[in-house]
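Some notes on the structure that comes next.
Values below: every heavy atom of this structure, side chains too, minus hydrogens, waters and symmetry copies. The structure displayed is predicted, hence computed values, not measured ones. Whatever order the structure lists them in is the order used to number ligands and atoms, beginning at 1.
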Amino acid sequence: MTEHSADLVERVVAGDRRSLARAISAVEDAENIPLLASLHAHGGHTRVVGLTGAPGTGKSTLTDRLISQARERGLAVGVIAVDPSSPFTGGAVLGDRVRMQDHILDPGVYVRSMSTRGALGGLSTATEAALVVLDAAGFDLVFVETVGVGQSEVDVMALVDTTVVVVAPGFGDGVQAAKAGILEIGDIFVVNKADQPGADAVVADLTQMLELGVRGGWSPPIVRTSAIESSGIGEVWDAIERHRAQLGGPDGDVGRRERAAHAVRRALLARLGRQTATREIPSDLVEGILRRDFDPWTAAERLVQSD
Ligand code: GDP
């Protein structure tokens, strides 16, 4: 690590905001492993709560209300808003995250948008790196909010301690969650827009679907909210706290162990990916494939065997 990055780490750990933004850009743009490694040494304190669900279900509004809950308790809060569709990157453009604007002037809240541009290794890799920075900076709680449903959301939610799945009436009911594969990853289900007709049907749908699987002694609660009317928010907070309590402390937390092991797997894959992308393929192998003596899959197998 250069002298320069040692300074940056020091400033991040001291809580300097401008350095936070610089550090996040540095770790997400380049594969800045020395910087990530020294930031990692300062972490371990932050709890990470993910919010996922279809666009328009009210995740931003709910996040905004949850930030208020955290601030009332004096917790320093980070927010990573992950938007795979947005062409913008970095903290400068918050797009339509205006619903969090109430908190933008609060020095205890740090909001960062993430998008595909600038996230060379993919959104989940960039989010993982940003989480390392926010953890080093000593945030008590970080909300990771994703826009949309799909594999990238599932990948991002693999990084968090507690996953909150947000659904709402008028979005194909609870079925949307099952389709997107987020039913399996939800630790807490929020049926938002409970002020709208159809919320009962969504709760019924979800209850039925969730009865099929209890995971590790935790049965995911279903909480009704109206984020817009600020009702049910305390219940969501309590559910997050209960989930955290059953996870245990950082040492007894099975989820954290699994995630640490998974982080090593991702790092290995990334490393192999980089090596493979620039690897010379011997010309006899290439010729053999063209002659149909063998195929690319067999060639790859031979290379692995000879390594
Ligand atoms: P996101 O795309 O999931 O982040 O959803 P937003 O938080 O941007 O909300 C989408 C729209 O739903 C906005 O117009 C919100 O004002 C509205 N909304 C959010 N929560 C509620 C709610 O509890 N009830 C009603 N009726 N509207 C809500």
Side-chain angles (χ1 to χ4, degrees), residues 48-71 77-88 91 93-104 109-116 123 127 141-157 160 162-183 185-203 205-206 221-240:
V48 187
V49 174
L51 290 104
T52 190
T57 50
K59 294 179 298 297
S60 302
T61 316
L62 185 67
T63 304
D64 177 80
R65 302 299 189 264
L66 289 170
I67 294 171
S68 300
Q69 293 277 323
R71 295 302 293 142
V77 187
V79 179
I80 302 176
V82 183
D83 185 353
S85 61
S86 163
F88 304 113
V93 182
L94 286 169
D96 66 350
R97 327 304 310 154
V98 284
R99 278 172 279 282
M100 282 178 235
Q101 216 125 61
D102 279 357
H103 298 289
I104 276 173
V109 179
Y110 180 80
V111 181
R112 171 82 180 199
S113 283
M114 293 282 218
S115 62
T116 24
L123 272 175
T127 304
L141 182 61
V142 173
F143 292 110
V144 177
E145 188 205 318
T146 61
V147 178
V149 278
Q151 188 54 46
S152 69
E153 282 68 33
V154 173
D155 291 345
V156 168
M157 289 303 137
V160 310
T162 300
T163 299
V164 178
V165 172
V166 184
V167 295
F171 285 80
D173 299 337
V175 181
Q176 58 180 355
K179 272 198 190 136
I182 53 179
L183 204 60
I185 62 166
D187 300 307
I188 296 163
F189 289 83
V190 168
V191 177
N192 189 41
K193 306 198 183 183
D195 54 287
Q196 300 278 302
D200 288 342
V202 179
V203 172
D205 255 16
L206 271 176
I222 302 172
V223 185
R224 285 164 200 253
T225 58
S226 170
I228 212 132
E229 293 173 354
S230 287
S231 74
I233 310 301
E235 284 80 352
V236 179
W237 183 269
D238 291 345
I240 292 169

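At a heavy-atom distance under 4.0 Å, no atom of Glu229 approaches ligand 1.
Inspection of the Ser231 and Ser226 side chains reveals no N or O donor paired with an N or O acceptor under 3.5 Å.
Of the options Val191, Asp195, Leu51, the smallest heavy-atom separation from atom 24 (N) of ligand 1 is shown by Asp195. Here atom 16 (O) of ligand 1 lies nearest to Ile228 when heavy atoms of Thr52, Thr57, Ile228 are compared.
Each of the following atoms of ligand 1 lies closer than 4.0 Å to a heavy atom of Pro55: 2 (O). Per-residue contacts place Gln196 under 4.0 angstrom from the following atoms of ligand 1 (heavy atoms of the residue considered): 26 (N). Atoms of ligand 1 found under 4.0 Å from any heavy atom of Glu145, numbered from 1 in the order shown, are 4 (O). Residue Lys59 approaches ligand 1 through these ligand atoms, each under 4.0 Å from one of its heavy atoms: 1 (P), 3 (O), 4 (O), 5 (O), 7 (O).
We find the CG-CZ distance between Asn192 and Arg224 to be 12.0 Å, quoted to the nearest 0.5 Å.
Nearest heavy atoms, Leu206 versus Val191: CD1-CG2, 3.7 Å. Among all heavy-atom pairs drawn from Gly186 and Val165, the shortest one is CA-CG2, 3.6 Å.
No N or O atom of Ala194 sits closer than 3.5 Å to an N or O atom of ligand 1.
Take Asp195 and apply the salt bridge (Lys or Arg N to Asp or Glu O under 4.0 Å) test, not counting sequence neighbours, and it matches no residue. Remark: Ser230 pairs with Arg65 by the side chain to side chain donor-acceptor pair (under 3.5 Å) rule, at least two apart or across chains.
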